[in-house]
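For ligands, and for the atoms within them, numbers begin at 1 and follow the listed sequence.
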Amino acid sequence: MRVVVLTGAGISAESGVPTFRDADGLWEGHRVEDVATPEAYEAQPSVVQAFYDARRAALATVEPNPAHVALARLEAALGDRLFLVTQNIDDLHERGGSRHVHHMHGELRSALCRGCDQHVPWTGDLGDFPPCPGCGVAELRPDVVWFGEVPYGMDQIQVALQRADVFVSIGTSGAVYPAAGFVQFAGRYGARTIELNLQPSEGTEYFDDARHGPAGVLVPAWVDEVLATLEPA
Ligand code: BJW
């Protein structure tokens, strides 16, 4: 059985990481156009850097929750038959034990050099515009995918979706493409599609099975179901 799991901000909510679009979400105090577009960065680099510096620093204050840990258990059982793709830029999947995580919208703990196009591991602040350790140019930006930019690794994701027997979407509103279109794409290629989300997503009608509740409860239960089909009774 080949499984593709897509995660969004909702999987990290119970760890204390704010989602984007829920009440009291991350963007409540920020208009999306002010922080999540290349144009916003050109216009106000210090504001955008401060927003991401604060989120990077906040990683030290949060821990993976049972949903992250359950997906690591699934990886241990399925190996490379699991393709885990996340829209999240936090590192909670890795800290929960997942070894192979595809960050389609980038990572907080990485910087992108606009001088040499290199991805540079980064744990500190970028707001003081430090030089790139590779080329020395002071053009490091958050290594994240903003509106109008192309998400990372789309070719690999497309292949995984085409080969999937099961596609599971966890904790995402279905408001942002291309991730919001994965359910229909995987379904067309024959995957059984499952939504695990606190509430119905914008694309809930495209799923074969939609279960609504907290990820910390739904995900471990679903992983147990999958593992039961793999292991002898
Ligand atoms: C829980 C829970 C709990 C809470 N348990 N659940 C018109 C139509 C269609 C598309 C477009 C269009 N106009 C423009 C576009 C394209 C555009 C787009 O989608 N715009 C929309 C506004 C319509 N997309 C792009 O520009 C993308 N690029 C692109 O399309 O390139 C072209 C291309 C594609 C493919 C191949 C070749 C070319 C880029 C999108 C980049 C998105 N970037 C951001 C910021 C990343 C950096 C950062 O983190 O700051 O990514 S925006 C933001 O939204 C972030 C997230 O990853 C993304 C999705 O949010 P997510 O994860 O779904 O969070 P929420 O808050 O929305 O939802 C949380 C859910 O969890 C809720 O449902 C809760 O109920 C639930 N929940 N607690 C379970 N305990």
Side-chain angles (χ1 to χ4, degrees), residues 5-28 30-41 47-56 58-59 62 64-68 70-71 85-93 102-112 126 141-159 161 168-185 194-204 207 210-222:
V5 171
L6 168 71
T7 64
I11 196 168
S12 295
E14 288 155 72
S15 294
V17 180
T19 61
F20 294 95
R21 295 171 183 82
D22 292 308
D24 80 0
L26 191 56
W27 285 343
E28 197 181 35
H30 295 268
R31 289 187 329 135
V32 55
E33 307 80 27
D34 291 340
V35 289
T37 65
E39 294 76 18
Y41 184 67
V47 170
V48 175
Q49 293 284 21
F51 176 70
Y52 285 96
D53 282 349
R55 289 171 64 190
R56 195 178 302 105
L59 289 180
V62 297
N65 67 56
H68 298 105
L71 292 179
V85 51
T86 186
Q87 298 169 87
N88 299 343
I89 62 175
D90 65 48
D91 59 356
L92 292 176
H93 281 302
H102 189 98
H103 285 270
M104 66 179 288
H105 290 165
E107 294 181 69
L108 277 169
R109 291 166 62 92
S110 175
L112 178 62
L126 290 171
R141 56 160 269 187
D143 192 1
V144 302
V145 177
W146 288 317
F147 287 110
E149 297 182 324
V150 179
Y152 293 145
M154 285 306 301
D155 291 349
Q156 249 182 294
I157 295 172
Q158 191 168 316
V159 169
L161 291 169
V168 185
S169 175
I170 301 170
T172 178
S173 58
V176 176
Y177 287 83
F182 290 174
V183 55
Q184 289 166 283
F185 187 81
I194 306 171
E195 167 167 282
L196 307 177
N197 206 48
L198 195 57
Q199 59 199 34
S201 71
E202 291 189 17
T204 196
F207 289 88
R211 306 177 189 179
H212 299 129
V217 175
L218 294 184
V219 178
W222 171 73

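Judged by distance alone, with hydrogens and angles left aside, the side-chain atoms of Glu14 form a donor-acceptor pair with the main-chain N or O of Ala215 at under 3.5 Å. Using a distance-only test at 3.5 Å, with no hydrogens or angles considered, a donor-acceptor pair links the side chain of His103 to the main chain of Asn88. Side-chain atoms of Ser15 never come within 3.5 Å of backbone atoms of Val17 as a donor-acceptor pair (strictly under, hydrogens ignored). At least one donor-acceptor pair under 3.5 Å links the side chain of His102 to the backbone N or O of Tyr152. Between the side chain of Arg56 and the backbone N or O of Leu108 there is at least one donor-acceptor pair closer than 3.5 Å.
Closer than 4.0 angstrom to ligand 1 by heavy atom are Gly8, Ala9, Gly10, Ala13, Glu14, Thr19, Phe20, Arg21, Asp22, Trp27, Tyr52, Arg55, Gln87, Ile89, His105, Val144, Val145, Trp146, Phe147, Gly148, Glu149, Val150, Pro151, Met154, Gly171, Thr172, Ser173, Ala175, Val176, Tyr177, Pro178, Asn197, Leu198, Gln199, Gly213, Pro214, Ala215, sorted by chain and number.
When the salt bridge (Lys or Arg N to Asp or Glu O under 4.0 Å) test is applied to Arg109, the partners found at least two apart in sequence or on another chain are Asp91.
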